[in-house]
Structure formats: structure tokens, C-alpha cells
Amino acid sequence: MNDKQEAKFQELTGRPVGHLVCKMAVPTIISMMVTACYNMVDTYFVGQLHSNSATGAVGVVFSLMAIIMATGLFFGQGSGNAISRALGEQRQEEASHLLSTGFFCCFGVGVVIAVVGLIFMEDLARLLGATETILPHACGYMQYILIGTPFMAASLTLNNQLRFQGSPKNGMFGIMAGALINIVLDPIFIFALDMGTAGAGLATMLSQFCSFCILLYGCTRGGNLPIRFRDFALT
């Protein structure tokens, strides 16, 4: 355990619970609110196209994004709780295994969702409620969302893992940075490059990738445990 990890351990085990709850809760609430804004931002900008089909396409794909977010939260909450307990008992090696295993499992499941979704994209869009007029817009938007699935899901896992390590601000900054990038890129791709709904999907994919990189970097700062493939173990 290095000095930063020791200082964090002393803070989380020695400070009053009320102080720690506020410190952890506020960044967590902000992160969750920002995550929910991705689809709202896309809907707003796509709505400026004055096309009911384009706006409907974003609504259709929101169901898929909900599944992706649930995947990230599933692995993040599960591994995060176990990581928190292991760190509280000063079992650093076990915590490192839990961290890397949760992250790589989530990323792997995200890859599977992306591959299967891209292969059966039109069928998936129809299953989610796309009509024949909405289908082209839904597929244009969905293809980029599917490509970015591993990064979107893993970002939510990393956000939760950072929070359970006592670094909720690192997770908040990563999530907020991605959301701000999405707000900037949406009008560029949708209007300036005339990509329509596909542009909204591309903007979301790139912003999620940026968020993923920032969160991954956050794992190397402030005494947090690093993500290492050699720590990955299913048993």
C-alpha cells in the first residue's frame, strides 16, 4: 500500500460517516444525471431536423442504450462492492483482481453485444419498435452506438469502481467530460457535416470513448488501483 492509498484508507475509515456520505453522494448524483442526459441531448439536436422519423429513431435506440447502461452498472456495482470490502480489510491483491476482472468482463460482454447487434441490426431495430420509415434513421444512429458499446458499458463500470475506491470525483469528471464533448460534437456532425441521425450516433460514440479514456486514466491517479490484464481471473 503506497502513501496515497494509506491516506485514502485512513480517511474512509476514520472520518465521520456523515461527511463521507456527502462527499460520495454528490459526485455520484451528478454522474447519474449526466449519464441520463446523453439521449436527451441527441434527441434535442436531432429534433432540429424537423423529422418525426429521425426523432423517433433516437427514442427507439434509447432502449438499447438502457441495456448497455444496465450492463455497465451490473459489473460496476457488483465488483465495486466487493472491491470496497476488500480494501476495507486491506486485501489489496484481492481488490486488484476484482477490479480488473469486473472491468474486462464488462468490456467483453460489451464486445459481444456490439458484434451480435451489428450482425442483426435491422432485426434488432424492428424488435425495439422501429417502423419502415424510422428504420433507416434508427440503423444509422444505432450502428455507432453499437460500435461504442464496449466503451460505454466499461465507462459506467469504471465510474462505479472509482466511487467504491473512494474517488467519486474522478468518475464524475470522466462522465461529465464525455457529456460536454457530446454536446459540442452533436451539431457539428448532425448539421455541419450533414450526417443527420448517424451524426448523433457518431458524436455519442466518440464522446463515450473520450470518457472511457479519461476514466481509465483516473484509475492511475489518487491512490486508485490500476487496471491490469494480469490481474484478470474468473476464479
Side-chain angles (χ1 to χ4, degrees), residues 31-32 35-36 38-39 42 57-83 96-130 134-164 171 174-175 178-179 181-182 197-198 200-219 225-235:
S31 296
M32 295 302 295
T35 299
Y38 269 95
N39 191 263
D42 287 348
V58 177
V60 165
V61 180
F62 178 72
S63 301
L64 172 63
M65 293 182 69
I67 294 172
I68 297 169
M69 288 188 285
T71 300
L73 291 172
F74 173 83
F75 286 101
Q77 293 281 358
S79 64
N81 274 284
I83 290 166
S96 295
H97 284 303
L98 291 165
L99 178 80
S100 296
T101 301
F103 169 78
F104 286 112
C105 282
C106 178
F107 195 88
V109 171
V111 170
V112 172
I113 293 174
V115 172
V116 174
L118 288 169
I119 293 173
F120 302 102
M121 187 164 58
E122 288 193 5
D123 294 328
L124 177 59
R126 289 191 176 94
L127 180 65
L128 295 176
I134 292 176
L135 186 62
H137 300 282
C139 288
Y141 182 65
M142 185 185 294
Q143 64 178 335
Y144 291 110
I145 299 300
L146 286 168
I147 292 171
T149 294
F151 306 107
M152 186 184 301
S155 292
L156 291 169
T157 294
L158 287 171
N159 178 39
N160 280 275
Q161 290 178 336
L162 285 167
R163 175 163 54 85
F164 278 105
I175 296 295
I181 292 171
N182 187 47
T197 51
L202 179 57
T204 298
M205 182 194 76
L206 292 176
S207 61
Q208 288 285 357
F209 178 74
C210 291
S211 180
F212 169 81
C213 292
I214 294 170
L215 289 164
L216 199 59
Y217 176 72
C219 292
L225 300 173
I227 303 288
R228 297 178 297 205
F229 188 74
R230 69 172 182 265
D231 290 330
F232 172 76
L234 293 176
T235 56

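The analysis underlying the following values was restricted to heavy atoms, covering all of them including side chains, and did not include hydrogens, waters or symmetry mates.
The two residues Ser100 and Pro226 come nearest to each other via the heavy atoms OG-O, 4.2 Å. When all heavy atoms of Leu135 and Ala125 are compared, the pair lying nearest together is CD1-CB, 3.6 Å. Of all heavy-atom pairs between Ala114 and Thr149, the closest is CB-CB, 4.3 Å.
Listed by first and then second residue, the salt bridge (charged side-chain N to carboxylate O under 4.0 Å, His left out) pairs involving residues 58-69 amount to none (not counting sequence neighbours). Sorted by first then second residue, the side chain to side chain donor-acceptor pair (under 3.5 Å) pairs that include residues 225-234, not counting sequence neighbours, are Arg228-Asp231. Within the structure, no pair that satisfies the salt bridge (charged side-chain N to carboxylate O under 4.0 Å, His left out) test touches residues 64-76, not counting sequence neighbours.
Looking at residues two or more places apart in sequence or on another chain, you find a side chain to side chain contact (heavy atoms under 4.5 Å, CB included) between Asn159 and Ser31, Ile175. Every residue meeting the side chain to side chain contact (heavy atoms under 4.5 Å, CB included) condition with Ile214, not counting sequence neighbours, appears here in chain and number order: Ala177.
For the side-chain contact (heavy atoms from CB on, under 4.5 Å) with Ile119, the lone residue among Asp123, Val116, Val115 that qualifies is Val115.
Taken from CE in Met152 to CG in Leu146, the straight-line distance is 9.0 Å, to the nearest 0.5 Å. Separation of atoms OG1 (Thr197) and OH (Tyr144) is listed at 10.0 Å; rounding is to 0.5 Å. If you take CG on Leu202 and CE on Met205, they are separated by 5.0 Å, rounding to the nearest 0.5 Å. Distance check: Ile227 CD1 to Ser96 OG gives 9.0 Å after rounding to the nearest 0.5 Å. Separation of atoms CZ (Phe209) and CD1 (Ile181) is listed at 11.0 Å; rounding is to 0.5 Å. A distance of 12.5 Å separates OG of Ser207 from CZ of Phe151, quoted to the nearest 0.5 Å.
Aromatic rings from Phe232 and Phe229 are positioned such that their centres are separated by under 6.0 Å.
By the 6.0 Å contact criterion, CE on Met121 is enclosed, its count of non-hydrogen atoms from other residues, nucleotides or ligands being greater than 12.
With hydrogens and angles ignored, the 3.5 Å screen pairs no side-chain donor or acceptor of Ser211 with any backbone N or O of Gln208. Between the side chain of Ser79 and the main chain of Leu99, no donor-acceptor pair closer than 3.5 Å is present.
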Quick one: side chains of residues 60-77, donor-acceptor pairs under 3.5 Å with protein atoms, not counting sequence neighbours, listed by atom name and distance.
from, atom 1, to, atom 2, distance (Å)
Thr71, OG1, Ile67, O, 2.9
Gln77, NE2, Asn160, OD1, 3.1

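Using a 4.5 Å heavy-atom threshold, the side chains of Phe120 and Leu127 count as separate. Between Leu225 and Cys219 there is no side-chain heavy-atom pair separated by less than 4.5 Å. Between Thr157 and Phe107, every side-chain heavy-atom pair lies at or beyond the 4.5 Å cut-off.
Ring geometry for Phe103 against Phe212 counts as parallel: the plane angle stays under 30°, on a 0 to 90° scale with 60° as the upper cut.
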